[in-house]
Amino acid sequence: MIKKIDKISGDPVIDLALDTIKIGKQALVFVNTKRSAEHCAEKIAEYVKQNSNEKLVHGILTALPKPTKQCQRLAKCITKGVAFHHAGLHAKQRELVEDAFRNGTLKIICCTTTMAAGMDLPAFRSIIRDLRRYGRHGLEFIPILEYHQAAGRAGRPGKEEFGEAIVIAHRESEIQEIADNFINAEPEPVFSKLAVEPVLRTYLLSLIATNVVGNEEELVEFFSKTFWAMQYEDIESLKMTLMRIKEKLIDWGFLKRDNANFISGTDYNKKVLRVTRLGKRISELYLDPLTAHLLVEGLDRAKSVTVTEFSLLQLICSCLELRPLLKPRAKEFDKYQEFLGLHEDELLTKEPSFFEEDYEEFMATVKTTAMLMDWIDEKDDEVLMEEYNTRPGETRYKLEIADWLLYALKELGVVLKNTTFNPSIEKLRIRLKYGVREELVPLLKLKKIGKIRARALYNNNIRSIKQLKKTDPAKLRFILGNKIAEDIIRQLGSQNENSKLSENI
DNA sequence: GGACGGTGAAACTTCAGGTTGCCTC
DNA sequence: GAAGTTTCACCGTCC
């Protein structure tokens with residue numbers, strides 16, 4: 001069936017979106033970069049009459065402590081019933097956009113793959129503009145499964161009889177290619193996640209930690225029954241991989257061979273494998289053993305190093321979990337080497353030499369550390385965007401992982417009886433959570449006091465809970481507003497009874 | 001002649017997402 | 001690979 005739509009802008013994607021609005025329906029536009037999502041939404045919005053979505057706009061602009069240019073651009077699009085959606089948005093904003101699309105306030109969302117999977121957000125039309133995305137080998141086709149996810153958004157079961165999934169061909173010659181490679185293609189086979197070494201390491205340790213497996217023979221037997229082994233086929237090579245990882249775990253002190261139960265003459269493979277106390281905790285924390293090893297080594301180095309925020313942040317930035325890291329640009333290299341120079345004797349990781357392959361990756365940990373340090377120096381989202389090209393959503397995601405790794409570091413310290421740095425780690429976690437300098441930490445113990453209010457109090461010379469208690473309520477009302485001030489006074493009152501808020505942080 | 005401003009070509013840069021981990025009584 | 005951004009040489013204009 002061939003349908004004609006009005007040519008308004010000359011860009012088929014915009015025209016399709018406008019047509020969707022004209023017929024009173026909704027559409028999702030899938031593109032391959034965050035920037036494209038933003039541009040595309042803005043271009044569509046240019047052709048749409050102003051609506052007023054005041055409440056939604058207000059929500060978007062107040063999601064962050066201070067609205068960024070990105071917030072303002074999104075808000076402007078939203079006044080036209082159009083939005084963009086990608087992982088760079090703050091979670092609150094994403095949710096607002098999703099809800100507004102569901103209730104019909106928004107007509108068009110231009111999005112990246114954030115929208116493709118796992119979200120209940122159907123639309124009448126699904127417009128897939130890009131089937132290629134930047135990958136290891138330049139621009140590559142996206143997986144067929146991902147195309148299915150995007151196309152599958154079209155049609156609202158129970159509400160409409162059909163939906164339309166539309167793929168844009170950028171050239172005449174592409175039409176057949178798209179039909180063959182996507183529309184009529186079988187989705188690619190599913191591969192076992194166990195083939196990824198960090199996952200394999202984690203499960204190998206946990207199987208022993210939970211006594212599911214007690215020796216090497218059982219270990220191999222267990223894995224040979226998995227989907228991974230079925231796909232892999234070559235059992236000998238699989239066995240070698242398992243043994244190599246097991247040896248690493250023994251080297252790192254997470255597993256041990258139990259010699260007590262070893263009866264001479266017994267098959268070596270039946271030698272009992274036990275988890276150490278450290279290994280047990282790592283498994284409970286669901287840490288990748290490689291990350292745990294890095295943290296353990298870091299704790300060991302910490303004994304002979306001046307440990308600062310830089311030390312702790314750079315250590316966790318070296319963990320795989322925090323990837324992708326921020327890479328210094330060619331022009332920035334000197335700047336970050338200089339920054340590193342200031343902190344060289346605080347390092348808890350091994351610095352590779354300039355000529356080693358890892359050096360670039362190492363410098364990326366330094367830049368990422370610099371970003372986190374700026375965050376706890378109260379630099380706002382706009383500054384992070386300009387300086388590091390990292391958007392609020394991406395920053396929050398990194399912060400969440402950083403928090404988890406710092407917690408894990410603290411816990412490993414407990415097992416290793418090396419808790420000297422735990423108070424610093426705890427303080428750092430609070431600072432990362434709020435994005436504040438050290439001086440605000442005491443005030444943040446109160447509910448309803450975050451970065452902004454703590455700063456306001458501090459700037460008014462109220463710098464501790466003690467000082468807060470002595471402050472004239474009228475002054476508090478002036479600084480915080482009536483309601484919040486009342487709440488704080490109540491919290492301070494109840495604190496006297498159970499002394500929940502101690503001053504020792 | 002020098003300070004600007006405009007222009008366009010060349011060089012450079014960037015490019016999706018976000019599992020489930022823990023605990024704080 | 002493509003699109004956007006930055007840099008820089010070059011030219012014209014004005015004072």
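Below, read A as the first sequence line, B as the second, and so on, with proteins coming before strands; counting in each chain starts at 1. The model shown is predicted, which means the values in this text are computed figures rather than measured ones.
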Which is true for [X] with a 4.0 Å heavy-atom rule: it touches a base, it touches only sugar-phosphate, or it touches nothing?
{"X": "A:Tyr134", "value": "base"}
{"X": "A:Arg132", "value": "nothing"}
{"X": "A:Asn32", "value": "sugar-phosphate"}
{"X": "A:Glu400", "value": "base"}
{"X": "A:Thr113", "value": "base"}

Salt-bridge test for A:Glu197 and A:Lys248: reply yes if a basic N is under 4.0 Å from a carboxylate O, no otherwise. no

Does the distance from a Lys or Arg side-chain N to an Asp or Glu carboxylate O, for A:Glu394 and A:Lys34, drop under 4.0 Å? yes

So, for A:Phe141 and A:Tyr147, is the gap between ring centers shorter than 6.0 Å?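 No, the ring centres sit 6.0 Å or more apart.
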
Proximal nucleotide (of [options]) relative to the [X] side chain:
{"X": "A:Arg133", "options": "B:dA16, B:dG18, B:dT13", "result": "B:dA16"}
{"X": "A:Ala87", "options": "B:dC22, B:dG18, B:dG21", "result": "B:dG18"}
{"X": "A:Arg281", "options": "B:dC22, B:dG17, B:dC15", "result": "B:dC22"}

Between A:Leu139 and A:Arg35, name the one whose nearest nucleotide on DNA chain C is closer to the 5' end.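 Looking at the nearest nucleotide for each, A:Leu139 comes out on the 5' side.
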
For A:Lys331 and for A:His39, find the nucleotide of DNA chain C with the closest heavy atom, then tell me which residue's nucleotide is more 5'.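 Residue closer to the 5' terminus by nearest nucleotide: A:His39.
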
Among A:Glu38, A:Gln70, A:Arg391, which residue satisfies the side chain to side chain contact (heavy atoms under 4.5 Å, CB included) criterion with A:Leu89?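 The passing option is A:Gln70.
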
A:Tyr286 aromatic ring stacked with six-membered ring of B:dG21, 5.5 Å and 30°: no

Can you measure [X] atom [atom1] to [N] atom [atom2] for me and round it to whole angstrom units?
{"X": "A:Lys410", "N": "B:dG21", "atom1": "NZ", "atom2": "P", "value": "19 Å"}
{"X": "A:Phe141", "N": "C:dA2", "atom1": "CZ", "atom2": "P", "value": "12 Å"}
{"X": "A:Arg391", "N": "B:dG18", "atom1": "CZ", "atom2": "C1'", "value": "15 Å"}
{"X": "A:His170", "N": "C:dG1", "atom1": "NE2", "atom2": "C1'", "value": "12 Å"}
{"X": "A:Ile401", "N": "B:dG17", "atom1": "CD1", "atom2": "C1'", "value": "11 Å"}
{"X": "A:Arg136", "N": "B:dC15", "atom1": "CZ", "atom2": "P", "value": "17 Å"}
{"X": "A:Ile316", "N": "B:dG21", "atom1": "CD1", "atom2": "C1'", "value": "15 Å"}
{"X": "A:Leu399", "N": "B:dG18", "atom1": "CG", "atom2": "P", "value": "16 Å"}

Side chains of A:Thr365 and A:Thr349: closer than 4.5 Å at any heavy-atom pair? no

A:Leu106 and A:Phe101: which non-hydrogen atoms are nearest, and at how many Å?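 Looks like O-CD1, 3.6 Å.
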
Least distance between heavy atoms, A:Ala364 atom then A:Leu325 atom: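 Nearest pair, atom of A:Ala364 first, then A:Leu325: CB-CB, 3.8 Å.
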
Partner of B:dC12 under the Watson-Crick or G-U wobble criteria, both distances under 3.5 Å, comes out as C:dG4

Does [X] put a side-chain nitrogen or oxygen below 4.0 Å from OP1 or OP2 of [N]?
{"X": "A:Lys34", "N": "B:dG17", "result": "yes"}
{"X": "A:Thr33", "N": "C:dA3", "result": "no"}
{"X": "A:Arg329", "N": "C:dT6", "result": "no"}

Near-strand residues of residues 287-296 of chain A, defined as heavy-atom separation under 4.0 angstrom from DNA chain B: none

Taking the six-membered ring of A:Trp404 as reference, does the NZ or CZ atom of A:Lys410 fall below 6.0 Å from its centre and within a 45° cone about the axis? no

Please measure how far the P atom in C:dA3 lies from the corresponding atom in B:dA16, and state the result in whole Å. 15 Å

Under 3.5 Å, sequence neighbours excluded: what are the donor-acceptor pairs made by side chains of residues 328-336 of chain A?
{"residue": "A:Glu332", "atom": "OE1", "partner": "A:Arg329", "partner atom": "N", "Å": "2.9"}
{"residue": "A:Glu332", "atom": "OE1", "partner": "A:Lys367", "partner atom": "NZ", "Å": "2.9"}
{"residue": "A:Lys335", "atom": "NZ", "partner": "A:Glu387", "partner atom": "OE2", "Å": "2.5"}

